[in-house]
Amino acid sequence: MPVTPLVRVQSEDFDLQAESLRLTQGRRDVGALVTFTGLCRDEAGTLAALELEHYPGMAEAELTRLAEEAVARWPLTGLTVIHRFGKIVPGHNIVLVIAASSHRRAAFEAADFLMDYLKTRAPFWKKEHPAEGGSGAWVEAKTADDKDAARWT
Amino acid sequence: MPVTPLVRVQSEDFDLQAESLRLTQGRRDVGALVTFTGLCRDEAGTLAALELEHYPGMAEAELTRLAEEAVARWPLTGLTVIHRFGKIVPGHNIVLVIAASSHRRAAFEAADFLMDYLKTRAPFWKKEHPAEGGSGAWVEAKTADDKDAARWT
Amino acid sequence: MNIRYFAWVRERVGVEEETIELPASIATVADLITHLKTLDDNHAAAFEEEDAIRVALDQMHVETDAALGDAREVAFFPPMTGG
Amino acid sequence: MNIRYFAWVRERVGVEEETIELPASIATVADLITHLKTLDDNHAAAFEEEDAIRVALDQMHVETDAALGDAREVAFFPPMTGG
């Protein structure tokens, strides 16, 4: 029977260690744990923060649909998806996906799949707050993300 | 310039959180962090522990060679490989790979590549200690692992 | 029908949410967009780049040819940039 | 030459490590394996499944046709099962 994924949409940060332990502690059937953490970056030094807008209700629902697709496709022992919203400064966490499985290939593929799909389907939008002040621009969706998502169809 | 990977071969456990923070803290250029944790598993309930034998010196050297190949192939901002040896009971950690990059595809692929190559090239051997006592058997290498490694050539 | 807007669609329309009585002739999302564009300049500006607009009906992604049916909520927003 | 054994190769040979004077005729890893098999029953048993044996010369993987050259250490072991 497929596992029930844990999905959370929250403004507060998440704890990689605690979320990983939740999927492994006291178990003997987990052989592979893959975590993906997406962080706010700013190589140019021009970004004060990202503002993440989301569609409350649909964000949780869509992430749950994607997570359920992953547990149906791969033999996972656990799956966690956490996406933050609100203002996030460079160097801080935005998203966490953790896939646990008996075997490494399933864990890698499920985490990779979820990130690709989440980018193109989860209702979140990023606005840039420039370091020099003033009103920022909305981040544009990348066609590369659509291509990445198309790898799994 | 490619980063210098951190490679450790040790009997003690590792700390996922501390190792992840080492690659992200105080930086603004990391957009993606992928961690792979390999754990000792025992779905059948027949295993007391795995004994991991290694070739001291060559284990570090070979993991370093593989890690350097990864940083040459992908634009990483950081890479960590930790492999344990000695007796490891079910549910406990064996190996950790962390790849950090500006972009998620590089981080995923580098971690995936390292695990595939590590399985077939790093000089470690697992012996099973059965739960019911007596002398155990050496784990046999899997042809699936060779195929996984061949994906990257 | 309850209509929600997000990101720059929200900024152009000028409201997060509105409730609109729909003429009986409106059957699909595309019909609704055509109707909204006639309301005022803000709506017209928001839906100017119609290809750039994504739609959810009762919090599920749909294409613009989807029938509104008895959906209670429709949302318009740009392509998503989460993750 | 210093020779090291790991995993079941080590168990069959009965030692972790040994130093052996090599006849001048031994040029390659394959020559060395042929020589080791003649030493005693333990060595013969260890190298019985020759295809299952992997080799490292000065801690680098090599094939059995590799020349020993002036390597100081050779290691024999089964296919690796780390990770």
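Per chain, numbering begins at 1; letters A, B, ... match sequence-line order.
Looking at Arg4(C), the atoms closer than 4.5 Å to chain A (heavy atoms on both sides) all sit in the side chain, from C-beta outward. Heavy atoms of Glu140(A) lying under 4.5 Å from chain C belong exclusively to its backbone. For chain C, the nearby parts of Arg121(A) are the backbone and the side chain; heavy atoms of each come within less than 4.5 Å. Heavy atoms closer than 4.5 Å to chain C are found in the side chain of Lys127(A), but not in its backbone.
Rounding to the nearest 0.5 Å gives a distance of 9.0 Å between CG of Asp148(A) and NZ of Lys119(A). Atom CG of residue Asp116(A) and atom NZ of residue Lys147(A) lie 13.0 Å apart, to the nearest 0.5 angstrom.
Residues Ala106(A) and Leu76(A) approach most closely at O-CD2, 3.9 Å, considering heavy atoms.
Geometrically, Arg10(C) does not engage Trp8(C) in a cation-pi contact, judged by NZ or CZ lying under 6.0 Å from the ring centre and within 45° of the ring axis.
Contact check on Arg8(A) versus Glu19(A) returns a salt bridge, with a Lys/Arg side-chain nitrogen under 4.0 Å from an Asp/Glu carboxylate oxygen. With respect to Arg72(C) and Asp58(C), no salt bridge is recorded, no charged nitrogen being found less than 4.0 Å from a carboxylate O.
Contact of the Glu17(C) side chain with the Tyr5(C) side chain is not registered, since no non-hydrogen atoms from C-beta on lie closer than 4.5 Å. Put simply, the side chain of Trp74(A) reaches to within 4.5 Å of the side chain of Phe113(A), judged on heavy atoms.
Looking only at heavy-atom pairs under 4.5 Å with chain C, the residue among His83(A), Lys142(A), Glu51(A) that has the most is His83(A). Taking Met60(C), Gln59(C), His61(C) one by one and counting their heavy-atom pairs under 4.5 Å with chain A, the maximum is reached by Gln59(C).
The contact list for residues 21-52 of chain C toward chain A, using heavy atoms and a distance under 4.5 Å, is empty.
Between His54(A) and Phe124(A), the two ring planes are parallel [angle under 30°; tilted spans 30° to 60°].
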